[in-house]
> 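The following block contains the structure, expressed as structure tokens.
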Amino acid sequence: MADAFSVIPASVLRNLSDKLYEKRKNAALEIEGIVKQLASSGDHEKISAVIKLLATEFTDSPQANHRKGGLIGLAAATVGLSSEAAQHLEQIVPPVLSSFSDQDSRVRYYACEALYNIAKVVRGDFIIFFNKIFDALCKLSADADANVQSAAHLLDRLVKDIVTESDQFSIEEFIPLLRERMNVLNPYVRQFLVGWITVLDSVPDIDMLGFLPDFLDGLFNMLSDSSREIRQQADSALSEFLLEIKNSPSVDYGRMAEILVQRAAALDEFTRLTAITWINEFVKLGGDQLFPYYADILGAILPCISDKEEKIRVVARETNEALRSIEANPTENFDVGGILSIARRQLDSEWEATRIEALHWISTLLTRHRAEVLCFLNDIFDTLLKALSDSSDEALNLILLTSSELSELRELLKQSLVNAAGKDLFVSLYASWCHSPMAIISLCLLAQTYQHACAVIQSLVEEDINAKFLVQLDKLIRLLETPVFAYLRLQLLEPRQYIWLLKALYGLLMLLPQQSSAFKVLRRRLKTVPSYSFGGGNLKRAASGNPHSQILHHSGSQITEDGDIDQDNGNLQSGINFASLQQFKQMQQQHHMLAKSRAQSRNSSTSILKEGPK
């Protein structure tokens, strides 16, 4: 210490602690010159003494001006040392880092300024202190003083530049620091963290993707931040990582799948959509890596199929189909029991679409892994029995359209217009199916009673075409692309003979939102049909002028169904008299009246609650 006092004049030391910045600055410039002379003569012992004096007598002083002077003096000493500063960093940097937590905001500001000047001199040699510097910057990013925040941002940019050009940076040591801070709620800290994730991910030699499971949950947590800027930054980072995943040959899907499953149930809509989008990509890319997680993934997908947001429903349905299309062997970590357990649990869902898909999964597993499913029969039997009493006509319609066990029944229905047994089956089912517009349309398409399908479609009113109807219509359009309806698609090759089929499909197309995936699927199919015009006398209309009356009430010698243009009156005994099938119209009227009654009751209750007790 005595060596330092002999080297630095007392007047310089006095000015270094002056309350005026200019005097402290001039004193620092003199210290820079003194240290530069000592460095040129190789007297590092005296240099160490000078640094120790600045640290103990100034940066540790109870006087704020002394601390400010000490910081500017340490930075000046580093500048004086220039290329030889690295060997003294162990003395120089710690006092500066300690000053970041000083109670005086001006001292914190000068600490940022000092470390900035030190970093500019030593560059890569600075990396050995990175973890401590990162910790300090993380805290300063949320500093109460705007000037300190501004100084910290400048320092942060410089540190990022140094890290990206350094070959000494250890990502393995950095990740634990990042992980333990990812759930911080402070918006400034969140911006700071996302900034670092983005910068490090841009460095080719740093494998941030390999450590993504360590901070993925934190990024998803930021998607629901109240700040739009933070949401956008987090979304941008996640989008970049998803792109990298698509192009990477080696990804740890398992750990991330666990996180995504949890986030798919988030209260925030954007978080749910992003999570289900990631799950969708994982199902396509992950392959056998995801076998142990299929049950959990299914548990996330099924509720999303009934989400209130259409975008989420669309992605969830697509993911569900992709997951179901993958055929796995139970010996390959494919947990049949786990998937059955999820499907059984979702059969108790309050949402019809989810219950239907749960049944579909049980049916699929029974087809592919019958022996394994039967082992769990005791676990699922009671739930399946309960499903038979489900109020949804779709628990029944979907089974009729897709179950392999009912293939013979479907073949019989296809002969409804020419076979007495088929007609009787159609008439019997009609009574139950007429509660649901989409169920009756499906039944008509299956039975090839296409003209009546047109009649039902044209009779729909505003109350019928709701969100539930559109979800069911989306499912039907996708079913039309399956082998069950191959005969129907082949009939489209003869549009002149199957006019009513073509008109029914165009009717469904008109009901779909143009931006929906189902609209695009059906439109692509109809574009492949040989060109045909509905003009001229192709379609007969009733003399009454009502274009729908003949369709709904036809019974007589006119032959109205596709493919039967020339049949005579004798064959009508095996046809269907639609005049007797008024259940659909009557049932829909009852449903509409009941819905209106309930709405009025709710409105009345709301009014009473608003008025309060009298």
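Each residue takes its place number in the sequence, starting with 1.
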> Verify, without hydrogens or angle tests, whether R355 (side chain) and E350 (backbone) share a donor-acceptor contact under 3.5 angstrom.
yes
> What pair of heavy atoms forms the shortest contact from V315 to N280, and how long is it?
O-ND2, 3.8 Å
> Taking side-chain hydrogen bond (donor to acceptor under 3.5 Å, both in side chains) as the definition, give me every residue that meets it alongside W351, ordered by chain and number, with sequence neighbours left out.
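Residues passing side-chain hydrogen bond (donor to acceptor under 3.5 Å, both in side chains) with W351: none at all.
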> Side chains of T271 and S224: donor-acceptor distance under 3.5 Å anywhere?
no
> Just to verify, what does R181 make a side-chain hydrogen bond (donor to acceptor under 3.5 Å, both in side chains) with, not counting sequence neighbours?
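Applying side-chain hydrogen bond (donor to acceptor under 3.5 Å, both in side chains) to R181 gives D135.
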> Begin with the C-alpha distance, continue with both residues' side-chain angles, and end with the deciding distance and a verdict on ring-ring contact (aromatic ring centres under 6.0 Å, His included) for W196 and F130.
CA-CA 13 Å; W196 269 99; F130 175 78; 5.3 Å; yes
> Identify, with sequence neighbours excluded, every residue that meets side-chain hydrogen bond (donor to acceptor under 3.5 Å, both in side chains) alongside E229.
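Residues passing side-chain hydrogen bond (donor to acceptor under 3.5 Å, both in side chains) with E229: Q191.
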> Does Y109 have any ring-ring contact (aromatic ring centres under 6.0 Å, His included) partners at least two apart in sequence or in another chain, and if so, which?
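With sequence neighbours excluded, Y109 shows a ring-ring contact (aromatic ring centres under 6.0 Å, His included) to no residue whatsoever.
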> Could you pull out all residues at least two apart from R478 that satisfy side-chain hydrogen bond (donor to acceptor under 3.5 Å, both in side chains)?
D474, S517
> Relative to each other, are the rings of F291 and Y294 parallel, tilted or perpendicular (30° and 60° limits)?
perpendicular
> How are the rings of H44 and H88 set relative to one another: parallel (under 30°), tilted (30 to 60°) or perpendicular (over 60°)?
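Ring orientation of H44 relative to H88: parallel.
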> Only pairs at least two apart or in different chains count here, so list each salt bridge (charged side-chain N to carboxylate O under 4.0 Å, His left out) that has a residue in residues 512-524.
none
